[in-house]
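Here's the structure we're looking at; comments come further down.
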Amino acid sequence: MTTEEQPPTAPPPTSASTSTSTSTSDHAPAPRPARPVALITGVGRSIGIGAGIARQLAASGWDIAFTYWTPYDRRMEWGAEDGAAASIAEELAGAGARTAAIEADLTDPDTPARIFDEAEQRLGPVTALVLSHAESVDSGLLDTTVEAFDRHFTVNTRASWLLIREYGLRFRGGSGSAPGDDSGPAPSAAPGTATGRIIALTSDHTVGNLPYGASKGALDRITLAAAHELAHLGVTANVVNPGPVDTGWMNDELRTSLTRGTPLGRLGTPQDTAHLVDFLCSPQGQWVNGQLLKSNGGAAS
């Protein structure tokens, strides 16, 4: 990589037409331009934020590895969506992306390394890591159990740290490296360039949702530390707070209340979050680093 190299961007779409040639010799078709790989966690439901991000990045020219964990959805009130992973993968493939759907139990500390192993084996080195998984079960200061507290921090904080650490240990996007080169420690990036991306989704909800909000607050600190500790690799790291996004977990009363508290008079959508993540993953987003960004329509905290 030269010092002038920019972050990965979506390849131009290939033309559906065939060019004419005066030569009578046969020519092999040009190879498809390489697409960078994004690893997105928490893509278990077609209406979720993670799925929305996956669709947007696929449309922008990324190959997509994504994780899901059906047992979590099964114990939530919305239930599991049968065949969601296969359906999402098929949709992403329709946008031109190669995909790898990986069922992953993030309570297991060995899982992050296995996720990266499978993503790399099936798609290649990961350029962007998007953390959109979550454990979220409402409880307050007085009724949170130790088990619930520990589970939230295991999934939302520890697993996220292990995923970010694994990404930092494997990232090969620094100056002078080639995709897939595992010949040694990743070299430092040229000053002022950034090719890698880490984006974590967070929440400032704490009242009545203590373990979720507290574990997400810890995730914020870990991600923002990565903006400095992984800077020599050419990696940016940011946190995105999507605000209230109705993905099936709100009742009518909460939906009405939250809508009234938003100046634009509507709730957020997965697409709103996906557009911001897409920008942060683009070459134009490389100067945004070490930030906690609110994409919530001005909703009051």
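The chain is numbered in sequence order, starting from 1.
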Do you reckon Leu280 sits in the same ILVMFWY cluster as Leu224, going by side-chain contacts under 4.5 Å, direct or chained?
no
Hey, does the side chain of Tyr212 reach the backbone of Asn156 with a donor-acceptor pair shorter than 3.5 angstrom?
no
Considering all heavy atoms, the nearest Leu57-Ala38 contact:
CD1-CB, 3.9 Å
Smallest heavy-atom separation, Thr111 atom then Ala104 atom, equals CG2-CB, 3.7 Å
Sole residue of Val240, Ile199, Leu163 in side chain to side chain contact (heavy atoms under 4.5 Å, CB included) with Leu131:
Leu163
Let me check something: do Leu230 and Trp161 share a hydrophobic cluster, defined by ILVMFWY side-chain heavy atoms less than 4.5 Å apart, either directly or through other members?
yes
Asn238 side chain to Gln291 backbone, donor-acceptor under 3.5 Å
yes
Heavy-atom pair of closest approach, residues Gly234 and Phe171:
O-CE2, 4.2 Å
Please check this pair: side chain of Arg151 against backbone of Thr107, looking for a donor-acceptor N/O pair closer than 3.5 Å.
no
Ring geometry between Tyr68 and Phe66 (parallel below 30°, tilted from 30 to 60°, perpendicular above 60°):
tilted
Hey, what do you get for OG (Ser215) to CZ (Arg158), rounding to the nearest 0.5 Å?
13.0 Å
With hydrophobic residues grouped by side-chain heavy-atom distances under 4.5 Å, do Val288 and Leu201 end up in a single group?
yes
Would a 4.5 Å heavy-atom cut-off, applied to side chains only, mark Thr145 and Ser139 as touching?
no
To the nearest 0.5 Å, what is the distance between CZ on Phe279 and CD on Gln286?
10.0 Å
Between the CD1 atom in Ile115 and the CG atom in Asp110, the distance rounded to the nearest 0.5 Å is 11.0 Å
Over all atoms of both residues, closest heavy-atom pair of Ala200 and Thr223:
CB-OG1, 3.5 Å
From Thr144 OG1 over to Asp150 CG, what is the distance, rounded to the nearest 0.5 angstrom?
11.0 Å
Quick check: does any side chain N or O of Arg45 sit under 3.5 Å from a backbone N or O of Asp73, one acting as donor and the other as acceptor?
no
Please check if atom CD in Glu103 has more than 12 non-hydrogen atoms from other residues, nucleotides or ligands closer than 6.0 Å.
yes
Return yes if some donor-acceptor pair links the side-chain N/O of Tyr167 with the main-chain N/O of Leu162 below 3.5 Å, else return no.
no
Looking at Pro36, is its backbone amide N or carbonyl O close enough to the side chain of Asp63 to form a donor-acceptor pair, meaning the two atoms are under 3.5 Å apart?
no
Would you tell me whether Asp272 and Thr269 have side-chain atoms, one donor and one acceptor, within less than 3.5 Å of each other?
yes
With Lys294, the side chain to side chain contact (heavy atoms under 4.5 Å, CB included) member among Thr202, Leu276, Asp204:
Asp204
Sidechain-backbone polar pair: His152 side chain, Val137 backbone, donor-acceptor under 3.5 Å:
yes
Is the count of non-hydrogen atoms from other residues, nucleotides or ligands lying under 6.0 Å from Glu118 atom CD greater than 12?
yes
Note: Thr157 and Ala218 closest approach over all heavy atoms is CG2-CB, 3.7 Å
Could you please spell out the steps behind the side-chain contact (heavy atoms from CB on, under 4.5 Å) verdict for Gln56 and His275?
CA-CA 7 Å; Gln56 183 63 47; His275 288 315; 3.4 Å; yes
Heavy atoms of Ala148 and Pro211 approach each other most closely as O-CB, 4.3 Å
For Thr127 and Thr195, what are the C-alpha separation, side-chain angles and deciding distance, and is it a side-chain contact (heavy atoms from CB on, under 4.5 Å)?
CA-CA 7 Å; Thr127 297; Thr195 60; 5.5 Å; no
Measure the CD-OG distance between Glu81 and Ser87 for me, rounded to the nearest 0.5 Å.
7.0 Å
Partner of Leu39 under side chain to side chain contact (heavy atoms under 4.5 Å, CB included), picked from Leu123, Val126, Ile64, is Val126
side-chain contact (heavy atoms from CB on, under 4.5 Å) assessment of Arg98 paired with Arg35:
CA-CA 9 Å; Arg98 295 181 304 143; Arg35 295 165 63 110; over 6 Å; no
Is it true that a side-chain atom of Thr41 and a backbone atom of Ser132 form a donor plus acceptor pair closer than 3.5 Å?
yes
Gln284 and Ser282: side-chain donor and acceptor closer than 3.5 Å?
yes
For the residue pair Arg114 and Ile102, establish whether any side-chain heavy-atom pair is separated by less than 4.5 Å.
yes
Lys/Arg-Asp/Glu bridge criterion (N-O < 4.0 Å) met for Arg170, Asp117:
yes
Are Leu293 and Ile40 linked, directly or through other ILVMFWY residues, by side chains that come within less than 4.5 angstrom of each other?
yes
One pair to check against side-chain contact (heavy atoms from CB on, under 4.5 Å): His133 and Leu106. What are the steps and the verdict?
CA-CA 9 Å; His133 66 275; Leu106 291 174; 3.5 Å; yes
First locate atom CZ of Phe116, then atom CG of Leu169, and finally report the distance between them rounded to the nearest 0.5 Å.
9.5 Å
